[in-house]
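First comes the structure, then the notes that go with it.
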Amino acid sequence: MLLAEDDLGNYYDQFANCLKDEKMPIDKFTVLESGYVPLPIENVDTDQIIPARFLKATSREGFGENLFRDWRYAADGSENKDFVLNNPKYSGQILVAGKNFGSGSSREHAAWAVHDYGFKVVVSSFFADIFRNNALNNGVLPVVVSPEFLSKVFAAVEEDNNQKLLVNLEEQSISLNGVKEEFEINPYKKNCLLNGFDDIDYLLNKKENIEEFEEE
Amino acid sequence: MEPKTLFDKVWDAHVVEKIDGGPSVLYIDKHLIHEVTSPQAFAGLEARGLKVFRPEKTVATPDHNIPTENQHLTIQDELSRKQVETLSANCEKNDITLYGLNHPKNGIVHVVGPELGHTQPGMTMVCGDSHTSTHGAFGAVAFGIGTSEVEMVLATQCILQPKPKKMRITVDGELQKGVTAKDLTLYVISQLGTGGATGYFVEYAGSAVRNLSMEGRMTVCNMSIEMGARGGMIAPDDTTFEYVKGREFAPKGEEWDKAVAKWKELKSDEGAVFDKEYTFKAEEIEPMLTYGTNPGMGTGISGSIPTAEEVEASELPTFKKSLEYMGFGLGDQLLGKKVDYVFVGSCTNGRIEDLRMLASVVKGKKKADSVTAWIVPGSKQVEKQAQEEGLVEVLEKAGFELRQPGCSACLAMNDDKIPAGKYSVSTSNRNFEGRQGPGSRTLLASPLTAAAAAVTGVITDPRDLF
């Protein structure tokens with residue numbers, strides 16, 4: 001479906017041209033089968049994902065260390081054993097969270113922290129807009145599932161800690177024990193992720209059109 | 001011609017190109033930047049060997065990270081200093097106007113933009129900060145973006161953006177005495193919930209909105225993101241034009257008349273269709289206060305925290321976790337609860353009108369000894385005006401001291417942190433866990449309600465003090 005669409009195929013060519021000599025700006029994403037970490041809390045805001053006091057860096061690296069800092073560590077710096085990231089029962093490259101994940105501040109540091117920690121997919125029944133954009137711009141796939149499917153995912157990992165999720169971007173599907181659900185993604189963004197392209201390359205290719213627009 | 005919404009008019013006029021089934025290439029008229037979300041964008045630009053495409057459409061001010069005391073000295077925190085210095089260096093290298101620390105026009109980016117006339121009706125504006133929605137008060141399409149998007153705009157003056165859906169929120173009637181724009185917005189958010197407008201761009205309408213000053217409109221649009229909206233906007237009118245006129249970067253002379261004629265077209269046409277509409281009555285709004293850990297968890301000040309029966313069963317675990325953090329119980333009354341800190345400031349309520357409201361309540365009274373109050377003007381210009389109007393004197397007599405401008409305790413990136421476990425009545429925009437410092441407990445309110453708490457030491461209905 002993806003490249004068969006003429007208009008998208010056209011953009012694909014433009015991407016390919018502008019990227020010939022450069023490394024891919026974001027990770028490619030195709031299929032991922034992995035265990036997952038459940039975070040059954042709703043309205044997880046970006047201040048929880050990465051508190052403001054850790055936004056002082058001038059580079060994009062190292063934010064994973066402070067992912068969910070104040071839930072993960074006590075004030076004295078010791079690990080909070082109850083928190084899911086510290087619980088050896090749970091592991092994997094997929095984070096599964098309650099509805100309205102990533103609300104609040106526009107800080108892309110939240111997406112960097114999720115990515116830097118090693119998550120490639122975040123699953124929830126609802127995402128805040130800016131976080132979703134930021135995640136996509138960093139090769140982290142936000143997967144929106146139905147509330148029913150989300151409940152099943154939370155329950156399944158409690159029954160079996162080795163439970164896995166299978167995410168297929170090309171198919172736009174997510175599967176739990178063979179139960180499959182399809183998810184939505186804008187075809188343009190899907191193309192970017194499948195190929196590791198980013199928006200800036202696309203826009204740079206449009207400079208002439210932008211200058212024309214300015215003259216009007 | 002098909003009737004169009006205000007949002008459609010501004011958005012459509014800025015579309016360079018629409019990708020079928022994908023986002024639009026949207027041209028940006030004004031890009032505001034600050035020290036926290038821009039360094040990685042400039043680094044990215046440099047790595048690609050690019051310079052800023054349209055530096056004259058970019059304006060910079062450090063605000064998030066700066067101290068609110070002794071600004072004339074070197075910033076003590078090494079990382080904060082490095083971020084602020086990096087912003088200065090990036091602006092110099094790229095010929096970007098910078099209102100640096102100690103510059104007479106320095107301040108919070110969303111206070112500085114409007115007060116200097118950078119913000120104008122019909123513009124598209126972005127900033128790496130979710131409260132960019134503030135500028136929608138002028139009838140601009142303004143929204144917060146991530147750092148990768150900041151890089152896009154620096155590189156091309158455009159952003160790839162899917163067009164949001166449209167929502168109209170109408171508040172008709174007259175706000176009661178003691179009820180402010182902040183209460184109006186906290187009320188709307190409490191009705192829609194913290195994710196209730198996600199995916200939408202909001203237009204605020206109705207007589208209660210129309211009767212607000214520009215400061216009040218900015219407060220309302222500022223908080224749009226707190227119900228998940230991409231942005232909020234209000235059609236420009238005489239109140240808007242009067243505010244913009246004469247400001248440094250506003251059009252002058254003949255250009256002004258032409259601009260106003262154009263701006264007058266910026267309103268939703270009769271019959272324009274919104275994807276969702278809500279209507280509220282202004283008379284039903286009382287001074288508002290939040291009791292939980294997201295801005296949707298709010299109630300009228302005379303009300304109480306919902307009981308278990310009043311919360312949807314599926315949301316109860318998260319709700320209880322939130323109350324546990326706040327040290328509150330289901331069904332608790334809010335009036336009379338102890339307050340330790342009061343913060344008046346931020347891009348939500350750090351403008352001159354907010355300081356006037358504060359002064360009107362504390363005049364002739366004394367700050368409660370048990371309360372630590374941080375009064376932080378939104379900009380150097382606000383600070384100056386507060387002095388000129390005699391507000392600083394009123395505040396000092398009542399035992400309050402004005403700090404220097406910045407984002408301060410709204411997000412506690414600098415030293416202005418509320419200690420763990422302490423209660424803060426704050427005029428800022430977020431009551432998230434740890435937002436005002438690790439373990440801090442925030443109750444969002446208007447400047448009037450904050451002032452009432454500051455002089456009594458407990459949650460107090462400001463209407464009782466008039």
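Remember, it's a predicted structure, so these values are computed and weren't measured experimentally. Just so we're on the same page: letters track the sequence lines, and every chain starts at 1.
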| said: One thing to verify: whether A/Asp45 and B/Arg435 come together as a salt bridge, which I'm taking to mean a side-chain N less than 4.0 angstrom from a carboxylate O. | reply: no
For chain B, find which of [options] contributes the most heavy-atom pairs closer than 4.5 angstrom.
options: A/Pro147, A/Ala52, A/Pro40, A/Gly98; result: A/Ala52
options: A/Asp70, A/Asn100, A/Thr46, A/Asn209; result: A/Asn100
options: A/His109, A/Arg107, A/Glu216, A/Lys189; result: A/His109

Checking the side chain of [X] only, and the main-chain atoms of [Y] only, is there a donor and an acceptor separated by less than 3.5 Å?
X: B/Gln83; Y: B/Asn65; result: no
X: B/Asp29; Y: B/Thr124; result: yes
X: B/Ser224; Y: B/Ala229; result: no
X: B/Gln436; Y: B/Ala412; result: no
X: B/Ser88; Y: B/Val84; result: yes
X: A/Gln48; Y: B/Glu433; result: yes

| said: Can you confirm if the aromatic rings of A/Phe68 and A/Tyr117 lie within a centre distance of less than 6.0 Å? | reply: no
Using non-hydrogen atoms only, which part of [X] is less than 4.5 Å away from chain B: side chain, backbone, both, or neither?
X: A/Asn43; result: side chain
X: A/Glu212; result: neither
X: A/Phe131; result: neither

Greatest number of heavy atom pairs closer than 4.5 Å to chain A - which of [options]:
options: B/Lys82, B/Glu226, B/Glu149; value: B/Glu149
options: B/Ser80, B/Gly144, B/Gly296, B/Ser148; value: B/Ser148
options: B/Gly434, B/Cys158, B/Gly228, B/Ala43; value: B/Cys158
options: B/Asn294, B/Leu411, B/Thr198, B/Leu79; value: B/Thr198

| query | Which residues pass the side chain to side chain donor-acceptor pair (under 3.5 Å) test with B/Ser133, sequence neighbours left out? | reply | none
| said: Evaluate A/Trp112 against A/His115 for ring pair (Phe, Tyr, Trp, His ring centres under 6.0 Å), listing each step before the verdict. | reply: CA-CA 5 Å; A/Trp112 297 336; A/His115 179 262; 10.0 Å; no
Side chain, backbone, both or neither: which part of [X] has an atom under 4.5 Å from a heavy atom of chain A?
X: B/Pro23; result: both
X: B/Ile159; result: backbone
X: B/Phe53; result: side chain
X: B/Thr156; result: both
X: B/Ile145; result: backbone
X: B/Ala47; result: neither
X: B/Val15; result: backbone
X: B/Asn429; result: neither
X: B/Thr318; result: side chain
X: B/Glu315; result: both

| task | Check the angle between the aromatic planes of A/Phe83 and A/Trp71 and answer parallel, tilted or perpendicular using the 30° and 60° thresholds. | result | tilted
| note | Sorted by chain and number, sequence neighbours left out, salt bridge (charged side-chain N to carboxylate O under 4.0 Å, His left out) with A/Glu42 holds for none
| said: Counting C-beta onward and ignoring hydrogens, is there a side-chain heavy-atom pair between A/Ser105 and B/Arg430 closer than 4.5 Å? | reply: yes
| message | Quick check on A/Glu214: does its CD atom have over 12 non-hydrogen neighbours (other residues, nucleotides or ligands) under 6.0 Å away? | response | yes
| message | Around atom CD of A/Glu65, are there more than 12 heavy atoms from other residues, nucleotides or ligands closer than 6.0 Å? | response | no
| said: Report, in residue-number order, which members of residues 134-145 of chain A are under 4.5 Å from chain B by heavy-atom distance. | reply: A/Asn134, A/Asn137, A/Asn138
| task | Write out, in numerical order, the residues from residues 72-81 of chain A with a heavy atom short of 4.5 Å from a heavy atom in chain B. | result | none
Please determine, by modelled atom types, if [X] and [Y] share a side-chain donor-acceptor pair under 3.5 angstrom.
X: A/Ser125; Y: A/Lys99; answer: no
X: B/Thr290; Y: B/Asn431; answer: yes
X: B/His34; Y: B/Thr37; answer: yes

| said: Between B/His110 and B/His131, is the ring pair (Phe, Tyr, Trp, His ring centres under 6.0 Å) condition met? List the steps. | reply: CA-CA 8 Å; B/His110 309 309; B/His131 294 109; 7.1 Å; no
